[in-house]
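Okay, so here's the structure we're looking at.
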There are 2 protein chains.
Amino acid sequence: MHGRHKGRVITAEDVARVIGVSQSTISRAFSNPESVSPATRARVLTAAQSLGYQPNVIARSLITRRTNIIAIVMANLTDPYYPQILDTLTQAIQARGRQTLLFIPPEDGTIDDTLASLLQYQVDAIIIASASLTSEMARVCAARQTPVLLFNRYVPGVRISAVSCDNVASGRDVAEFLHGSGHSRPAFVSGEHGATTNADRRAGFVETWHELGVRSCLQVEGGAYTFEAGFEAATIIARRKRRPDSIFFASDIMALGGIHALQQAGLRVPEDISVVGFDDVPLASWPSFNLTTVRQPLPEMAEAALDMLALDDKAGRRRRVTQFVPGTLVQRGTTRAR
Amino acid sequence: MHGRHKGRVITAEDVARVIGVSQSTISRAFSNPESVSPATRARVLTAAQSLGYQPNVIARSLITRRTNIIAIVMANLTDPYYPQILDTLTQAIQARGRQTLLFIPPEDGTIDDTLASLLQYQVDAIIIASASLTSEMARVCAARQTPVLLFNRYVPGVRISAVSCDNVASGRDVAEFLHGSGHSRPAFVSGEHGATTNADRRAGFVETWHELGVRSCLQVEGGAYTFEAGFEAATIIARRKRRPDSIFFASDIMALGGIHALQQAGLRVPEDISVVGFDDVPLASWPSFNLTTVRQPLPEMAEAALDMLALDDKAGRRRRVTQFVPGTLVQRGTTRAR
DNA sequence: TTGAAAGCGCTACCAA
DNA sequence: TTGGTAGCGCTTTCAA
């Protein structure tokens, strides 16, 4: 008997008529159950069920000024790390009773246009998980009272909320781990140029080796978080006279490309050279890779992000800060003590 | 000067007041520009720009009964094939001026609950790219006039629109290719039990070998589209006395697991045994895998899906059929002529 | 080409 | 606890 009313959508008015109460009562039974007597509520729910009625959340949003929709802006869905982020964030969003609007910005266009069209949808918040945004656009969002948060990155000097893995600390961890297991000739292969993720991982890693008394840390520019970039960087490293005994790649995918290059150059991992990645993407734990890496604390990062957005805080008073969540070194088979 | 009105959101009424026209005119200038004189339209747009006005699409949806939002239901974001689907679909949706609401159904719960909450959001259509749906729920959606489409799967016997790769034909292609390149002892490793994708790939493959006069095609149950399932199936195959000379895995990820198992068993791919996968996920083309596989025509499938949903057809008259789009065999390094 | 007015389905206030 | 009523911001007739 569900909504058999050919084409007509059932409204609260319809339900009200059927059981002889006012439309307001139907509304209250759904949006504020305590304000209706248990008996009435039961009758409403039963009638709604049999008529196939469900509140129209669009109409609700118009008056409450809340859509319960959170936008996620994300390019690069083909990089295996991003789906992980999307999965974690979306599940966290749904766990809080919200829904996810997914935006993939066009490759060429600026993200500002994307954001503008997002704002039309009256989303409650925007989480940007790739690309950045101009300070102009940040101002527009602020004026609209729409909280914006950068996930997995931050923009130094711009006052936008951000949640990121503590990349500096993790870089340190990797350096200390390698040093502690007897390595003394480290190398770092960087990823996307200009990304804070990249710069911070390097900074933590390189500085720590310095503090540990190791003067020279070889640094090779990868240029992108890709298999090919890792491959090429490792090829260069493999050809050096004085080879490093360990390489820290700025991402797992780069590390996998790097390992392939090292093996092609006749080097064994980890016997001849240790390799550490970053992200702990699903592939990293596959037996064929078994990559030592840094796991980003995605669930904690997602929770921190949603907390910062203060979705339930009607006053709209939220902290605008950058929050760093520590990662975890996961030891697998691509490193070994020297 | 963008929307500096502390907290107040700019409405069409505000713009109207500023330039001394009616609110209707503002509305028309945005939703139906031809119905307004060029001069007026220009004034409206200028004023809107400087005030930071943008139409509220929620309010618009309430009256037009179209949200321009399409829901995608997808679990398994960690499997690398699904992000590819999501990416392609979302970009196609955006190219048609719509937005994507992403739903990840809870692992335990039925998809019916998910769909119910989706309908509240008044989405214009629902694309289900993982899991299936009950015929009961299909009826509810039909009553609500919300078109539903299954992507990458179909339910035989249930009248729901569906778009899928032509898995039977691709299974044939693989068989013919292997036969043509001198193989004569084929094996098929199946994936998720009960999935049409799986059954169709097998059917096309096995039947074709029969037609080609090869009686026995070894069939091993993998049970899931996972690395481990492929690994275990290949381990069993490697132990057989009379080994196949080629294995067709129901998915790329399984094939990669299988290759790892074969290599551990001391077999060389493709020298001792050829391997073919399915999907052409990004990893498949990485130099370290270089997997021969079947590429699913995702862009074409996405276009077909959106066409079938007939979003612009106000009459709501849509074909309810299953459409199969042919895939392409991509020859790489895991197969060779015998 | 433009404006006035009705109303989309709901929430929220106030009175009963 | 319930009902009446006034909108939320927009689109869409219908007249002017």
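Here the structure is a predicted model, which means the values were calculated and not measured. All chains are named by letter (A, B, ...) in the order of the sequence lines, taking the proteins before the strands, and each is independently numbered beginning at 1. Values reported hereafter were calculated over all heavy atoms of this structure, with side chains retained and with hydrogens, waters and symmetry mates removed.
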| message | What's A:S61 touching, base or sugar-phosphate or nothing? Going by heavy atoms closer than 4.0 Å. | response | nothing

| task | Report the residues that fulfil salt bridge (charged side-chain N to carboxylate O under 4.0 Å, His left out) with B:R17, sequence neighbours left out, ordered by chain and then residue number. | result | B:D14

| said: Strictly by ring-ring contact (aromatic ring centres under 6.0 Å, His included), give each pair with a member in residues 40-74 of chain B just once, sequence neighbours left out. | reply: B:F30-B:Y53

| With A:S61 via side chain to side chain donor-acceptor pair (under 3.5 Å) - residues at least two apart | none

| field | For B:E192, all residues meeting salt bridge (charged side-chain N to carboxylate O under 4.0 Å, His left out), sequence neighbours excluded | value | none

| task | Just jot down the side-chain contact (heavy atoms from CB on, under 4.5 Å) partners of B:S117, sequence neighbours excluded, or say none. | result | A:Q99, B:F103

| task | Just jot down the salt bridge (charged side-chain N to carboxylate O under 4.0 Å, His left out) partners of A:R43, sequence neighbours excluded, or say none. | result | none

| remark: Base-pair string, DNA chain C, Watson-Crick plus G-U, cut-off 3.5 Å on both distances, | for inter-strand, is ||||||||||||||||

| said: Strictly by salt bridge (Lys or Arg N to Asp or Glu O under 4.0 Å), give each pair with a member in residues 81-106 of chain B just once, sequence neighbours left out. | reply: B:R96-B:E303, B:R96-B:D307, B:R98-B:D312

| task | Any chance you could list the contact pattern along nucleotides 8-16 of chain C? Use B for base contacts, S for sugar-phosphate-only contacts and - for none, protein heavy atoms under 4.0 Å, 5' to 3'. | result | BBBBBB---

| query | What pairs meet the ring-ring contact (aromatic ring centres under 6.0 Å, His included) rule with one or both residues in residues 138-165 of chain B, with sequence neighbours excluded? | reply | B:Y154-B:F324

| request: Decide whether A:S24 and A:S27 meet the rule of one side-chain donor and one side-chain acceptor closer than 3.5 Å. | output: no

| request: List in chain and number order the residues that pass side chain to side chain donor-acceptor pair (under 3.5 Å) with A:T78, two or more places apart in sequence or in another chain; answer none if no residue qualifies. | output: none

| Where does the chain A footprint on DNA chain D start and end, counting 5' to 3' with a 4.0 Å heavy-atom cut-off? | D:dT1 to D:dG9

